[in-house]
Undergrad: 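Input: one structure, supplied below.
Note that ligands are numbered from 1 as they come in the structure, with each ligand's atoms numbered from 1 the same way. When reading the values below, keep in mind they use all heavy atoms of this one structure, side chains included, and skip hydrogens, waters and symmetry mates.
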Amino acid sequence: MVLELPEMAVIARQMKESLAGKRISTCICGHTPHKFAWYNHPVETFPDLLVGLRIQDVHSRGNYLIASLDSDRALVFGDVGGRIQLYPPGVEAPAKHQLLLGFGHGSLLAVVIVMWGSIQVLAQAEIMNLPYIVKRKIAPLEDEFTYEYFCRLVTEAAKGPKTSLKYMLVSEPGVAGIGNGCLQDILFNAGLHPRHPVISLTEDERQALYNSLRDTLRRMIDDGGRDNETNLFGKLGGYKRILGSHSVGKSCPRCDGIIEKAAYLGGTVYYCPVCQG
Ligand SMILES: [Zn+2]
């Protein structure tokens with residue numbers, strides 16, 4: 001339900017393949033009121049801002065999706081706890097939605113916010129000034145996300161003597177696009193516990209975490225997103241999560257441990273008490 005970096009990357013690619021060059025012909029915004037849906041303009045002005053414009057390109061950055069439009073505008077979906085789905089011509093759109101765009105050939109793009117999320121129309125130049133993008137300057141799969149850059153994040157996080165790995169990755173300073181979902185397998189593959197204090201990471205553990213961050217996210221994207229989230233066409237991703245509610249009480253795939261769960265920092269964490277130190 002919460003789209004993190006891999007799902008946004010997959011949905012952006014699918015949107016580009018399906019909608020680049022297509023013109024927005026209809027727009028309904030704010031149809032279903034939602035307390036945690038955030039818009040940067042009054043909802044009734046979105047049709048004027050969007051109808052008639054063509055989608056030129058679509059890309060993602062962390063858990064933000066950016067569709068570049070004509071007239072130097074961009075449509076940006078950020079931090080979406082919900083779905084972004086394309087309905088082919090003739091298929092009925094969902095009854096509840098926060099944004100519904102129609103295209104000349106008859107397909108409909110729906111943004112359905114379940115938990116939270118933002119829908120914004122911006123000038124291209126404003127995107128790089130979004131607080132989220134300013135704060136998490138470099139996303140983990142970009143070339144600039146080097147081991148040296150990662151070590152600087154670790155050093156910053158280690159200023160708080162009690163800062164844990166979960167806190168460093170999802171809160172402060174945070175890594176773009178990582179939430180409580182992707183976090184689980186990233187830490188499992190690194191052999192590190194979510195509560196592990198950042199300050200006590202050894203050089204080897206730091207390297208293992210960096211490698212796992214990049215490799216795990218890459219695998220999640222290559223497999224079409226995680227298996228508990230849907231893609232642009234409403235299909236579940238092909239990445240089989242190692243840890244999640246399904247794994248509690250089962251054997252660890254790597255050792256003799258039994259997977260446990262705990263409530264920690266506003267979300268459930270899953271871990272092997274034996275091999276995640
Ligand atoms: Zn284990």
Undergrad: Taking it one step at a time, do N231 and E7 satisfy side chain to side chain donor-acceptor pair (under 3.5 Å)?
TA: CA-CA 7 Å; N231 66 22; E7 291 75 39; over 6 Å; no

Undergrad: Which residues and atoms, protein N, O or S only, are under 2.8 Å from the Zn ion (ligand 1)?
TA: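 Per the 2.8 Å query on the Zn ion (ligand 1), atoms found are C252 SG, C255 SG, C272 SG, C275 SG.
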
Undergrad: State whether R219 and D223 are salt-bridged, where the test is any N-O pair (Lys NZ or Arg NE/NH1/NH2 against Asp/Glu carboxylate O) under 4.0 Å.
TA: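 Judged by the 4.0 Å cut-off on N to carboxylate O distance, R219 and D223 do not form a salt bridge.
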
Undergrad: Any sub-3.5 Å donor-acceptor pair from Q98's side-chain atoms to H31's backbone N or O?
TA: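 Pair absent, no side-chain N/O of Q98 close to backbone of H31.
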
Undergrad: May I ask you to decide whether E144 forms a salt bridge with K137, counting only side-chain N to carboxylate O separations under 4.0 Å?
TA: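 Salt bridge: no.
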
Undergrad: For N189 and T216, run side chain to side chain donor-acceptor pair (under 3.5 Å): C-alpha distance rounded to whole Å, both residues' side-chain angles, the deciding distance at 0.1 Å, then the answer.
TA: CA-CA 8 Å; N189 289 331; T216 308; 3.0 Å; yes

Undergrad: Assess whether a salt bridge exists between R241 and D185, defined as any Lys/Arg side-chain N lying under 4.0 Å from an Asp/Glu carboxylate O.
TA: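 Not counted as a salt bridge, because no side-chain N and carboxylate O are separated by less than 4.0 Å.
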
